[in-house]
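Below is one structure, written out as structure tokens; the observations come after it.
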Amino acid sequence: MTVGSTNMFNPYSGLSEDFMWNAYLANSQNTSQTGALNPAFTGSNLSGQPSTDCYQGSSGFSTGLKLGIAGGLGTAAGMYYFGGDKVSPISNKVFNDDILKAVEEDYVKVAEGNALENFAKAKEAEVKAKGFKNMKEFDATKKYVLASKEERAAFPKDLRKLVRKGYLSSPDLYKTEILEIDGAIANIDMEDITKKALEDARQNHLGYQTEKLANLQKQKNLIAGLAEDANAAKYEELIKSNPKAFGIDKTEAAEIEAEAKRIASSFKSRIDALSSIDKALEKQVTQVKTTRNAVNVRFASYWDDAAKELSPTAPPELAKAVKNCKFTKAGKYGAIAAGVGLVLGWLFGGKS
């Protein structure tokens, strides 16, 4: 079976994807057929790591090394590195978390695009409130009104057509108005727009939401390790030593200390702190499920459940992620006949 146009195997191996996958399938006939949804956080598995085992890394060295361990040291070592016996990237139209995270766009890039779009909308709203049709009309009018007499005389015809009616004959009368509108645009809070765009992007990003859940669990474990009579200083020190777990993204020591003090002041006691985190954990588990479903909806239609393969119209990143998942499975069970050559190919410049 071939999905996508990129050959995932290094030419040193001399192996095809079909051989690898068929070898794995033959090996896995007697294994447990665990569903592919496999929530990353169920029961006691709140480590923040996906419960599936498809390796998505891009590092040639680490990929080759892990394949060497799986193929050369046997199933026991392979299981240590690759996890349990999940055998399909999808079940009941639901991809596992490894696949979904691999096809997600970086939420920071999404936020940047959304912030620019929202900023453009804010500017458009500002000029429309002053009677202009759109930003094109305002920009052309602004350029004409603020130009010198000589520049107005040579004003390009295509731009002259966009200048708002009435402003061509007496441009000097409108200078104050134009400058006021321009000042209002300059005062649009781009930082606030960016923060909101970032939060929106995070809400829809499975990788971020599962990491947030893992950090909440780490918070709980850390606080549970404190003595019942721990004072504020102990809480502050704990938080300062684990800023990421407590949602602190600052890098300066003084800023981290200030945030740690603020968070610590909200904890009246260890019982109170643990109760608060438990409530947050409960909400976050629901958020992860909701986000997982939303991400999956975008890609589930590309999977042919009867044929157990992707449709030809599947996005390249999805095809690559499924290939990598299958490849990991085959490697895990030592189905690589030319293992040494394959690993060497990966170690010395091959692509994963």
Side-chain angles (χ1 to χ4, degrees), residues 4-6 58 100-209 249-252 255 290-291 294-299 301-302 311-321:
S5 59
T6 304
S58 60
L100 296 178
K101 289 179 183 179
V103 296
E104 280 191 311
E105 188 176 356
D106 181 357
Y107 69 81
V108 175
K109 290 182 180 178
V110 173
E112 287 174 352
N114 290 345
L116 290 174
E117 183 180 344
N118 292 339
F119 181 56
K121 288 180 180 178
K123 291 194 295 182
E124 193 94 352
E126 192 68 47
V127 299
K128 282 185 175 180
K130 301 298 183 182
F132 288 87
K133 293 179 182 178
N134 48 44
M135 280 301 300
K136 283 185 178 180
E137 185 182 67
F138 175 75
D139 285 338
T141 303
K142 171 187 169 183
K143 188 172 184 178
Y144 182 79
V145 168
L146 300 182
S148 64
K149 290 183 178 180
E150 292 77 13
E151 290 171 332
R152 290 172 188 164
F155 208 69
K157 289 184 179 180
D158 57 331
L159 290 180
R160 184 181 290 271
K161 291 178 181 178
L162 295 174
V163 176
R164 188 176 177 183
K165 291 182 180 180
Y167 287 65
L168 284 171
S169 57
S170 304
D172 291 333
L173 295 177
Y174 297 100
K175 278 187 177 182
T176 300
E177 178 193 6
I178 292 296
L179 290 173
E180 285 178 353
I181 297 173
D182 205 39
I185 291 174
N187 287 328
I188 292 174
D189 194 340
M190 188 61 183
E191 184 177 353
D192 184 60
I193 288 175
T194 301
K195 285 180 179 178
K196 289 178 179 177
L198 185 61
E199 183 56 35
D200 288 343
R202 285 172 170 174
Q203 287 297 317
N204 300 310
H205 194 269
L206 182 60
Y208 174 82
Q209 294 301 336
D249 56 6
K250 308 294 184 182
T251 55
E252 296 294 329
E255 292 179 318
T290 301
T291 308
V295 177
N296 187 75
V297 164
R298 303 205 303 265
F299 299 99
S301 62
Y302 295 109
S311 68
T313 59
E317 63 271 20
L318 180 59
K320 181 179 179 181

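Being a predicted model, the structure only gives us computed values, none of them experimental.
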All pairs passing salt bridge (Lys or Arg N to Asp or Glu O under 4.0 Å) where residues 176-185 contributes a residue, at least two apart: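 Counting only pairs at least two positions apart or across chains, the salt bridge (Lys or Arg N to Asp or Glu O under 4.0 Å) contacts touching residues 176-185 are K142-D182.
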
Minimum heavy-atom distance [X]-[Y], with the two atoms named:
X    : Y    : answer
L146 : K175 : CD2-CG, 4.2 Å
T291 : L206 : CG2-N, 3.5 Å
L159 : A140 : O-CB, 3.8 Å
K101 : G207 : CE-CA, 4.1 Å
M135 : E124 : CG-OE1, 3.2 Å
A197 : A115 : CB-N, 3.8 Å

Distance from [X] atom [atom1] to [Y] atom [atom2], nearest 0.5 Å?
X    : Y    : atom1 : atom2 : result
K143 : I178 : NZ    : CD1   : 14.0 Å
E104 : E317 : CD    : CD    : 11.5 Å
E150 : R152 : CD    : CZ    : 9.5 Å
N204 : Q209 : CG    : CD    : 8.5 Å
T194 : L198 : OG1   : CG    : 8.5 Å

Using the test ring pair (Phe, Tyr, Trp, His ring centres under 6.0 Å), find all partners of Y144 that sit at least two apart in sequence or belong to another chain.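 Ring pair (Phe, Tyr, Trp, His ring centres under 6.0 Å) list for Y144, sorted by chain: F155.
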
Give a yes or no on whether a salt bridge exists between [X] and [Y], defined as a side-chain N under 4.0 angstrom from a carboxylate O.
X    : Y    : value
K195 : E199 : no
D200 : K196 : no
E117 : K121 : yes

Determine, step by step, whether I185 and V127 satisfy the side chain to side chain contact (heavy atoms under 4.5 Å, CB included) criterion, reporting the C-alpha distance in whole Å, the side-chain angles of both residues, the deciding distance to 0.1 Å, and the verdict. CA-CA 8 Å; I185 291 174; V127 299; 3.9 Å; yes

From the options E112, R202, Q203, select the one residue that forms a side-chain contact (heavy atoms from CB on, under 4.5 Å) with Y107.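 The passing option is R202.
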
Using a 3.5 Å distance criterion without hydrogens, assess whether the side chain of E151 forms a donor-acceptor pair with backbone atoms of A147.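 No: the side chain of E151 does not pair with the backbone of A147.
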
Please say which of Y174, Y167, F132 ends up in a ring pair (Phe, Tyr, Trp, His ring centres under 6.0 Å) with F138.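 Looking at Y174, Y167, F132, the match for F138 under the ring pair (Phe, Tyr, Trp, His ring centres under 6.0 Å) is F132.
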
Please evaluate residues L116 and M190 with respect to the criterion side chain to side chain contact (heavy atoms under 4.5 Å, CB included), reporting the C-alpha separation (whole Å), side-chain torsions for both, the decisive distance (0.1 Å), and the verdict. CA-CA 9 Å; L116 290 174; M190 188 61 183; 4.3 Å; yes

